[in-house]
Amino acid sequence: MKKIMILFVVVLCGATSMAGQEQYPNAVAGPEGIYVNCGNRIPRDFAYQVFRRAKGSKTWDEMATIACENHFDAFFNKVTLANVHNPVYQLPADSTKGVIWRLAQRAVFTDSIPYFGALPMYREALGVTWYDGTAEKRKKYEYKVVTQQAGRKPEEKVTAAISYPLTPRSDYGIKVSEHEVKENHINLSFLIDRQQDMYAVKLLRGYYLQSDLVPLSIDVGFRNDNDTLKAIAADTTAMRRGIILYCLQPYDIYGNPGRPSDTLRITNLTDLDETNYAGLKARPDKEGIRLTWNFPKPEFLRSIDIYKAVGFRDSIDYRYLLSVSPEDTCYLDKDVVSAEIYSYKVVINNAYGESPLSLSAMGWYYGDDPATAPHDLRAEVRMGVVELKWTRPDKDTKAYYIMRAVGRDTTLRQIGNAILSDSVLVTYIDSVDNVNSTMLTYAVCSKNASRNLSPLSERVYVTPMRNVRLTIPPNLATRYSDRRVLVSWDTVEEFDQNVMGYRLERRIAPANEADTTQRFETVHTENALMNYYEDADVKEGVTYEYRLFSQGAHGIESDPSVVSSCLVPAVKPLSISSLQVQKTTGGYRLAWEETEQENIESYKVYRVQENQPPQLLAKMKKNETSYFDTVKEDKVIYLYTVTCTGTNGVESEVVQWMGAN
């Protein structure tokens, strides 16, 4: 189930990325109100002011002023309140709140917060979305969003007219795939042809002629099946011996319901007890293998059938052995030979039929002396091979069997033939060039002179070293925003399981192809599997180049990605707008207010007269706010301006020339 839910998160993150390309502001209808998305820049040092008017009206009504909640408790209290009018998603657990808070604190734009930055309840807490719960149904409204920030002229934009709820509903092409009735649960699956803007689903259940369809608190998992998304669920609370109705209800991110699947009708009349009991065990006995079981007796139990197979692989053939009475709890199988592995399963018979085969129990007939598992199993990894070493457990140990599991499959399978050895220290080299996995599990069992097999040794886990060609990360992109370079790329670990992380490099773009002084250097990122990085260590007026490598086990890296470059622009200051010019005896007196801009180094005073280019009169310090221009008394008209020069050497543009008052 964990793997299935990871696939669902991938679907959501992809849709979140698409949602991040919206134009702001915009208004979106929900099932019981309207969401006003003011922007994607998080208002920490500014605020969004929201106005509303009915379509056709000329009067704007002020509705709210919103900004980001900057305290932990206030932020998640706002998330809880926002979830009331859109309960599609579950509230965060206490264990995940810290991660969400750190992501929100580091972000400047909601687009840079993976997954959570697109959900309405978090957007409301971030101060970029306002929910209008007072709007009347089917009445169209327009919204005006004004960005208020100290020292800047307010910016205002108007959304398109909108009403709620949405009609018609989105059709995701959900169809019933298959179902399976078990003793204590019902398995359901649905096919989803078109994902579009779907963000969540709920399984609805009702009982024929008894109750309506209502949502269940059951987790629905997702997995890809031949390029089609499949939703799967297991209902463990359905009543027995009834006619049950199911359908799958989809929702978009704002809680708007889409077109549901067709209603599935299931007749649940089975009453078979689950037989996958851990209580079934096979132990060695002096005369053979003794089977024991201990599980609750199902209603109307008639008999227990025992099945037997030689070996322990999944493909072995189980054959019917015999049936025992409901009162029996053990059976001694004497038809066994030493050094052979046997597997057993049981089937329960009652008034409602027979159950499926249970999980298997493996047993050995040890004979006179049981074998001991090998000691001190250890592994050493080299290119293309794994070298296993262990210590002989007993003097009568004659052979060993190597067992290996690949990847997340925990089933150990024998590799190679038996290893015959009388050495105290035994070595085996396993070639792994053709084993495509980042994790291998090994164990060893021994066979003694009595031809008895030991239990498995302790397991060892290794990451193999293979000469593989890692996938190059695609779509490396850079852009400058808020005094930092934002670097992003597409992840590849989903389809190349050998990729375990990424390494980013940066350099200052060389002046020309012959310039070899600028070299790429590693940028140390904290999150190895994230697909973005914010580079705040940049200087104005400099162009930076970035490239990316996929990283695998044991230091293996891919070829570098295509280089992406980004220019960090130099900040240009504003000219003085408070200049006053006064004509006096002997010249003109200029005065202005000291600029409040940061990083200003000096002023420059210019004069211009008709048919002549501007003339620089003086360069002055930041705290000097007046200047006297000595000119002869004549009829020439003089105009003046004062510009600002930043500490970065960039001078402001001339916006206005001033004459004498």
Side-chain angles (χ1 to χ4, degrees), residues 1-17 99 114-115 195 221-232 313-314 379-388 402-416 429-443 459-477 487-505 522 524-533 547-562:
M1 180 62 72
K2 181 177 179 182
K3 181 178 181 181
I4 293 172
M5 295 309 297
I6 289 174
L7 289 175
F8 184 42
V9 171
V10 171
V11 173
L12 292 184
C13 289
T16 301
S17 177
V99 176
Y115 179 58
Q195 299 173 22
F222 290 82
R223 69 183 179 202
N224 286 318
D225 190 2
N226 296 327
D227 296 329
T228 300
L229 188 65
K230 177 178 282 190
I232 58 177
R313 299 180 182 274
D314 295 337
E380 180 180 339
V381 175
R382 299 197 301 272
M383 182 60 69
V385 298
V386 175
E387 184 177 10
L388 299 174
I402 310 299
M403 314 295 290
R404 184 182 71 190
V406 178
R408 297 177 180 173
D409 183 5
T410 58
T411 303
L412 289 166
R413 295 177 173 85
Q414 181 180 330
I415 56 173
I429 296 179
D430 182 23
S431 175
V432 294
D433 274 332
N434 298 322
V435 182
N436 187 21
S437 177
T438 57
M439 185 180 75
L440 299 176
T441 307
Y442 290 92
R459 302 186 180 197
V460 293
Y461 306 87
V462 298
T463 299
M465 183 184 301
R466 299 183 297 115
N467 188 16
V468 296
R469 191 177 184 86
L470 300 180
T471 303
I472 300 173
N475 300 327
L476 180 67
V487 187
S488 63
W489 59 89
D490 292 348
T491 58
V492 297
E493 68 270 12
E494 298 169 17
F495 54 87
D496 188 346
Q497 62 178 347
N498 293 308
V499 175
M500 305 175 69
Y502 303 94
R503 185 172 67 85
L504 183 66
E505 288 187 348
T522 299
H524 297 286
T525 59
E526 296 180 356
N527 301 315
L529 288 177
M530 298 293 272
N531 67 333
Y532 68 91
Y533 176 73
R547 66 181 184 183
L548 191 68
F549 300 79
S550 293
Q551 290 186 309
H554 307 289
I556 298 176
E557 289 191 344
S558 70
D559 292 334
S561 68
V562 175

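In what follows, every heavy atom counts, from backbone to side chain, and hydrogens, waters and symmetry copies are set aside. Please read all numbers here as calculations on a predicted model, not as lab measurements.
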Test log, rule side-chain hydrogen bond (donor to acceptor under 3.5 Å, both in side chains), inputs Asn498 and Arg466: CA-CA 10 Å; Asn498 293 308; Arg466 299 183 297 115; 2.8 Å; yes
Pairing residues for Arg404 by the side chain to side chain donor-acceptor pair (under 3.5 Å) criterion, not counting sequence neighbours: Asp430
Hits for salt bridge (Lys or Arg N to Asp or Glu O under 4.0 Å) against Arg469, two or more places apart or cross-chain, chain-then-number order -> Asp559
Applying side-chain contact (heavy atoms from CB on, under 4.5 Å), run through Arg459 and Leu412 and close with a yes or a no. CA-CA 10 Å; Arg459 302 186 180 197; Leu412 289 166; 3.4 Å; yes
Go through it in stages, so that I can follow the logic: the residues are Val562 and Leu476, the test is side-chain contact (heavy atoms from CB on, under 4.5 Å), and I'd like the CA-CA distance, side-chain angles, deciding distance and then a yes or no. CA-CA 7 Å; Val562 175; Leu476 180 67; over 6 Å; no
Smallest separation among heavy atoms of Gln497 and Thr438, with atom names: O-CG2, 3.0 Å
Could you tell me if the side chain of Gln551 sits less than 4.5 Å from the side chain of Val499, heavy atoms only? no
Nearest 0.5 Å, please: how far is CG in Asp496 from CD1 in Ile472? 11.0 Å
For Thr441, the side chain to side chain donor-acceptor pair (under 3.5 Å) test, sequence neighbours excluded, returns none
A quick test of your reading: do over 12 heavy atoms of other residues, nucleotides or ligands sit less than 6.0 Å from CG of Asn434? no
Could you tell me which non-hydrogen atom of Val381 sits nearest to which non-hydrogen atom of Thr463, and how far apart they are? CG1-O, 3.6 Å
For the student: nearest non-hydrogen atoms of Gly416 and Gln414, plus distance: O-NE2, 3.1 Å
Going by side-chain contact (heavy atoms from CB on, under 4.5 Å), name the residues that satisfy it together with Asn475, two or more places apart in sequence or in a different chain. Asp490
Testing the basics here: between Met439 and Pro464, what is the closest heavy-atom pair and its distance to 0.1 Å? N-CD, 4.1 Å
Identify the heavy atoms of Gly552 and Met500 that sit nearest to each other, and give their distance. C-SD, 4.0 Å
Test side-chain contact (heavy atoms from CB on, under 4.5 Å) applied to Arg413 and Met403, step by step: CA-CA 5 Å; Arg413 295 177 173 85; Met403 314 295 290; 5.7 Å; no
Thr410 versus Ala405, closest heavy-atom pair with distance: C-CB, 4.1 Å
Report the residues that fulfil side chain to side chain donor-acceptor pair (under 3.5 Å) with Arg547, sequence neighbours left out, ordered by chain and then residue number. Glu505
Residues two or more places apart in sequence or in another chain: which of them pass side-chain contact (heavy atoms from CB on, under 4.5 Å) with Pro473? Trp489, Tyr502, Leu548, Ser550, Ser558
Look up atom CZ in Phe549 and atom OG1 in Thr522, then write down how far apart they are to the nearest 0.5 Å. 8.0 Å
Are the side chains of Pro114 and Tyr532 in touch, meaning some heavy atoms are under 4.5 Å apart? yes
In this structure, CD of Glu493 is separated from OG1 of Thr471 (nearest 0.5 Å) by 10.5 Å
Polar side chain donor-acceptor pair, Ser431 to Asp433, under 3.5 angstrom: no
Answer whether the closest heavy-atom distance between the side chains of Tyr442 and Val462 falls below 4.5 Å. yes
Report the distance from atom CZ of Arg382 to atom NE2 of His554, rounding to the nearest 0.5 Å. 12.5 Å
Minimum side-chain heavy-atom gap Ile429-Val386 below 4.5 Å: no
Please examine the side chains of Val468 and Leu470, heavy atoms only from C-beta on, and report whether any two atoms are closer than 4.5 Å. yes
Heavy-atom side-chain contact between Val432 and Val385 under 4.5 Å: no
